[in-house]
Amino acid sequence: MSQITHDLVLEVLDGCAASALQEARELGSARVIGPTELALRCEDLDAVRSLRRVVAASTSLTVPARRPRELLETSVQQRLAELLEEIRRQRPRQKFHALRLEAAGAGTPDMRRLAASLAELAGLPVDGEGDLVVRVRKGATPTTWQVLLRTTPRPLATRAWRTVNYPGAVNAAIAATVLDLLQVGAEDSLLDMTCGSGTFLVEQLHAIAPARAVGVDLDPAAIDAARAHQRTARRKGAIDWIEGDVRTAALEPGFTRVVTNPPWGTLHGEHETNEELLAELLGRAAELAASRARLGVLTHEITRMQRVLETAPAGWRPVGEHRFFQKGHHPRLFLFERG
């Protein structure tokens, strides 16, 4: 039996595209469409669910058409039925409950008819909160339309292991990209100075388990959540979760990779105290880091971080900045190397 080639559109966060592109190329031919989209052609639709730097994946169909009503033609509906069947054939089976149409003019008669037709093909009701997400948009040329069918009920960036809704948790796709930029290997000793519910360290176990991994947080609820997330993820590798203040906690030094996503704004703490915290974290990281270690500070407090850097933090050499964009937030990763 010949393999089916799947044409997919991968949604990515701005700032994650380069890392996501490298990951997608492990599955097939991939290219950049724009800062927040990639195109992927591959034969293994099941493997697409393993993508960790991607927000969501959708099978795509581009149709020569000038108006949405032309998407209701029999030949187009047959092809859409085939795409829905490909999604149904995924293993393990993805269970959808309702279809949701996202499109400009979604309330027009033509779009409502299209939604009803697709729902009938899928054997599902139409619902504004549906988890089989169908996006309809103009194609790359004025004479084409594109239909995108999300392949999973939840976005890929919504990790199944993240069972605790801990406030301020870093987006998992961003966390995976940050770890790529830190270049964590199996021989490394990795410290998360403000681990929260454990996203960075649990994400790292999905790639390469480091020789040593330690997460520290003041909040006992965060440490409880981190332990729960590690158990649910069921990945090989040990993590030491420590409840306490990383600035004073008794930790064995020698970490080759250090990461922190410290409190920001009014979600946790206050702006002014957060500036002081950033400076203290850089100082403490220098005390705990090995020679030539790498440090990544992911923060929304960009202006305050830049003021901290004006004091030339002892022991750290800035080597780059990386910007992310996520739902109105613009966190930035500051990268350093230990002198």
Side-chain angles (χ1 to χ4, degrees), residues 3-13 16-17 19-30 33 36-61 79-103 106 115 118-137 146-165 169-177 199 202-203 206-207 229 232-235 326-327:
Q3 287 275 20
I4 298 173
T5 299
H6 306 279
D7 289 303
L8 298 116
V9 170
L10 307 179
E11 180 186 347
V12 299
L13 293 174
C16 296
S19 192
L21 180 64
Q22 183 176 351
E23 180 184 34
R25 283 177 171 163
E26 297 176 5
L27 300 184
S29 173
I33 300 174
T36 60
E37 281 191 347
L38 309 177
L40 170 65
R41 287 176 61 90
C42 72
E43 295 183 344
D44 188 352
L45 190 58
D46 295 343
V48 172
R49 293 194 304 279
S50 68
L51 295 173
R52 296 171 44 247
R53 297 145 184 93
V54 169
V55 173
S58 301
T59 58
S60 68
L61 176 65
R79 182 63 185 122
L80 290 171
E82 292 170 0
L83 293 182
L84 288 166
E85 180 58 29
E86 291 171 13
I87 291 173
R88 275 194 289 263
R89 281 200 295 263
Q90 292 181 93
R91 292 293 180 269
R93 182 184 177 188
Q94 304 299 292
K95 187 175 182 180
F96 298 91
H97 299 89
L99 181 140
R100 176 168 90 242
L101 182 70
E102 295 182 351
L118 288 169
E120 183 178 357
L121 289 173
L124 298 171
V126 177
D127 190 313
E129 301 297 321
D131 51 9
L132 176 53
V133 178
V134 180
R135 289 187 289 154
V136 179
R137 64 188 185 186
Q146 187 177 42
V147 182
L148 304 171
L149 309 175
R150 196 172 74 190
T151 60
T152 54
R154 300 195 304 174
L156 297 178
T158 304
R159 304 295 199 247
W161 53 260
R162 209 142 81 166
T163 55
V164 180
N165 185 21
V170 64
N171 176 278
I174 290 179
T177 302
T199 302
V202 176
E203 276 297 312
H206 284 75
H229 289 162
T232 305
R234 300 177 67 182
R235 307 296 298 190
Q326 177 201 3
K327 294 182 179 178

Kindly indicate whether the side chain of [X], heavy atoms from C-beta on, has any atom under 4.5 Å from the side chain of [Y].
X      : Y      : result
Asn171 : Lys327 : no
Glu23  : Ser50  : no
His229 : Thr232 : no
Val202 : Arg162 : no
Leu80  : Val134 : no
Thr151 : Leu8   : yes
Val126 : Leu101 : no

Spacing of [atom1] belonging to [X] relative to [atom2] belonging to [Y], to within rounding of 0.5 Å:
X      : Y      : atom1 : atom2 : answer
Leu51  : Leu156 : CG    : CG    : 6.5 Å
Leu118 : Leu84  : CG    : CG    : 6.5 Å
Arg91  : Arg49  : CZ    : CZ    : 10.0 Å
Ile4   : Glu86  : CD1   : CD    : 4.5 Å
Leu21  : Glu26  : CG    : CD    : 10.5 Å

Got a donor-acceptor contact below 3.5 angstrom from the [X] side chain to the [Y] backbone?
X      : Y      : value
Arg100 : Gly130 : yes
Gln90  : Ile87  : yes
Gln326 : Leu13  : no
Asp7   : Ser60  : no
His6   : Asp44  : no
Thr177 : Cys16  : no

Show the nearest heavy-atom pair for residues [X] and [Y], with the distance to one decimal.
X      : Y      : value
Ala115 : Leu99  : O-CD2, 4.0 Å
Pro153 : Lys95  : CG-O, 3.3 Å
Ala119 : Pro125 : CB-C, 4.3 Å
Arg53  : Ala176 : CG-CB, 3.9 Å
Ala172 : Thr199 : CA-CG2, 4.1 Å
Leu132 : Ala122 : CD2-CB, 3.9 Å

side-chain contact (heavy atoms from CB on, under 4.5 Å) between Leu148 and Glu102, intermediate numbers included = CA-CA 10 Å; Leu148 304 171; Glu102 295 182 351; over 6 Å; no
More than 12 non-hydrogen atoms from neighbouring residues, nucleotides or ligands closer than 6.0 Å to CD on Glu43, yes or no?
-> yes
Look at atom CZ of Arg79 and say whether more than 12 heavy atoms of other residues, nucleotides or ligands are closer to it than 6.0 Å.
-> yes
Begin with the C-alpha distance, continue with both residues' side-chain angles, and end with the deciding distance and a verdict on side-chain contact (heavy atoms from CB on, under 4.5 Å) for Arg88 and Glu85.
-> CA-CA 5 Å; Arg88 275 194 289 263; Glu85 180 58 29; 3.1 Å; yes
Verdict with reasoning, Val9 to Gln146, per side-chain contact (heavy atoms from CB on, under 4.5 Å) | CA-CA 11 Å; Val9 170; Gln146 187 177 42; 4.0 Å; yes
Going by an N to O cut-off under 4.0 Å, is there a salt bridge joining Arg159 and Glu203?
-> yes
Is any NZ, NE, NH1 or NH2 atom of the basic residue among Arg89 and Glu82 found under 4.0 Å from an Asp or Glu carboxylate oxygen of the other?
-> no
